[in-house]
Participant: 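Below: one structure in C-alpha cells.
A, B, ... follow the sequence lines: proteins, then strands. Residue 1 opens every chain. Every heavy atom of this structure was used, including side-chain atoms; hydrogens, water molecules and symmetry mates were not.
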Amino acid sequence: GNSVTQMEGPVTLSEEAFLTINCTYTATGYPSLFWYVQYPGEGLQLLLKATKADDKGSNKGFEATYRKETTSFHLEKGSVQVSDSAVYFCALRVNTGNQFYFGTGTSLTVIP
Amino acid sequence: DAGVIQSPRHEVTEMGQEVTLRCKPISGHDYLFWYRQTMMRGLELLIYFNNNVPIDDSGMPEDRFSAKMPNASFSTLKIQPSEPRDSAVYFCASRPSGQGYGGELFFGEGSRLTVL
C-alpha cells in the first residue's frame with residue numbers, strides 16, 4: 001500500500017540549531033513527495049515538493065531530497081528560527097490516484 | 001486570490017445535535033477533499049469529490065457522517081447525531097486537475113468541532 005512514516009516528535013531545538021525530520025515512504029506507484037507545514041491555529045500549507053528521484057525541493061531555507069534508493073524524503077534546515085515552530089507533515093501522492101497520504105506530523109518548537 | 005474558505009471556524013455543540021460544516025473551494029479547482037485531524041489519528045481523509053461527484057467515501061467513519069457538493073463552489077460535511085468522539089479539526093482542501101501528480105493540495109484554515 002501507500003504510507004508515510006515520520007519521526008516521532010515533539011522536537012525542541014535552540015535557535016540556529018540544525019534540523020532534520022526523517023520521512024520514509026512506501027508506494028505502489030511512482031510518488032510525488034511533499035512537506036507541508038501547519039502553524040498554530042492554521043491549515044496546512046505546502047512547504048516544498050519533489051516529483052522525481054534525486055530532485056531537491058527547497059523553500060524558506062528548508063530542503064529535502066527525493067531518495068528513491070532509500071525511499072526517503074528527509075527535511076533539513078541549517079539554522080532554525082523561533083518562527084519555524086510548527087507541525088511538519090510529510091506526504092505523498094502516487095501517479096495512479098488522487099489521494100494524498102500524510103504522515104502523523106512532527107511538532108517542532110524552537111526556543112530563543 | 002481567496003483561498004479555501006471554511007465555516008464555522010469553531011463550533012461547540014452538545015451530543016446528539018446536528019453539525020454542518022461548510023467549505024468553499026478555490027475557484028477553478030475541481031477536486032475537493034474533507035480531512036479530519038485528531039491527536040490520536042493524525043490527518044484522515046474522509047471523502048473527496050471530483051467535479052461535484054463523490055469519488056471515494058471509504059474514510060467516512062459512520063452513517064452519521066454525510067457530505068455533499070451541490071455545486072462547484074460549495075460543499076458541506078454533516079454529522080447527525082454528533083458524539084463527543086467526533087471532536088476534531090475538520091479541514092477542507094482543494095486542487096485543480098491538469099497539474100499532474102505533482103500538484104499540491106490547498107487547505108482551508110479548518111473548523112474546530114467540540115462535542116460536549
Participant: Relative to chain B, which of A:Gly43, A:Ala91, A:Gly103, A:Ala50 shows the most heavy atom pairs under 4.5 Å?
Facilitator: A:Gly43
Participant: Any sub-3.5 Å donor-acceptor pair from A:Asn59's side-chain atoms to A:Leu47's backbone N or O?
Facilitator: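 At least one qualifying donor-acceptor pair exists.
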Participant: Can you tell me which portion of B:Asp56 sits under 4.5 Å from chain A's heavy atoms? Options are side chain, backbone, both or neither.
Facilitator: side chain
Participant: Roughly how far apart are B:Leu43 CG and B:Phe91 CZ, rounded to 0.5 Å?
Facilitator: 7.0 Å
Participant: Please classify the contact of B:Leu105 with chain A as side chain, backbone, both or neither, using a heavy-atom distance under 4.5 Å.
Facilitator: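 Both backbone and side chain of B:Leu105 come within 4.5 Å of chain A.
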Participant: For the CZ atom on B:Arg64, are there more than 12 heavy atoms of other groups (residues, nucleotides or ligands in this structure) within a distance under 6.0 Å?
Facilitator: yes
Participant: Does any backbone or side-chain atom of B:Arg41 lie under 4.5 Å from a heavy atom of chain A? Answer side chain, backbone, both or neither.
Facilitator: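 Contact with chain A: none, neither part.
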Participant: Step by step, work out the side chain to side chain contact (heavy atoms under 4.5 Å, CB included) result for A:Glu15 and A:Gln81.
Facilitator: CA-CA 5 Å; A:Glu15 205 165 22; A:Gln81 305 300 311; 3.3 Å; yes
Participant: Under 4.5 Å heavy-atom distance to chain B, tell me which part of A:Tyr101 shows up: side chain, backbone, both or neither.
Facilitator: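 The answer is neither part of A:Tyr101.
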Participant: Looking at chain B, which one of A:Val87, A:Thr104, A:Leu46 has the largest number of heavy-atom pairs inside 4.5 Å, strictly under?
Facilitator: A:Leu46
Participant: Flag the pair B:Phe33 / B:Tyr48 as yes when their ring centroid distance falls below 6.0 Å, and as no otherwise.
Facilitator: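 Between B:Tyr48 and B:Phe33, which both carry aromatic rings, the centre distance is below 6.0 Å.
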Participant: Using a distance-only test with no angle check, is there a side-chain donor-acceptor pair under 3.5 angstrom linking A:Thr26 and A:Ser3?
Facilitator: yes
Participant: With a 4.5 angstrom heavy-atom cut-off, which part of B:Gln37 approaches chain A: side chain, backbone, both or neither?
Facilitator: side chain
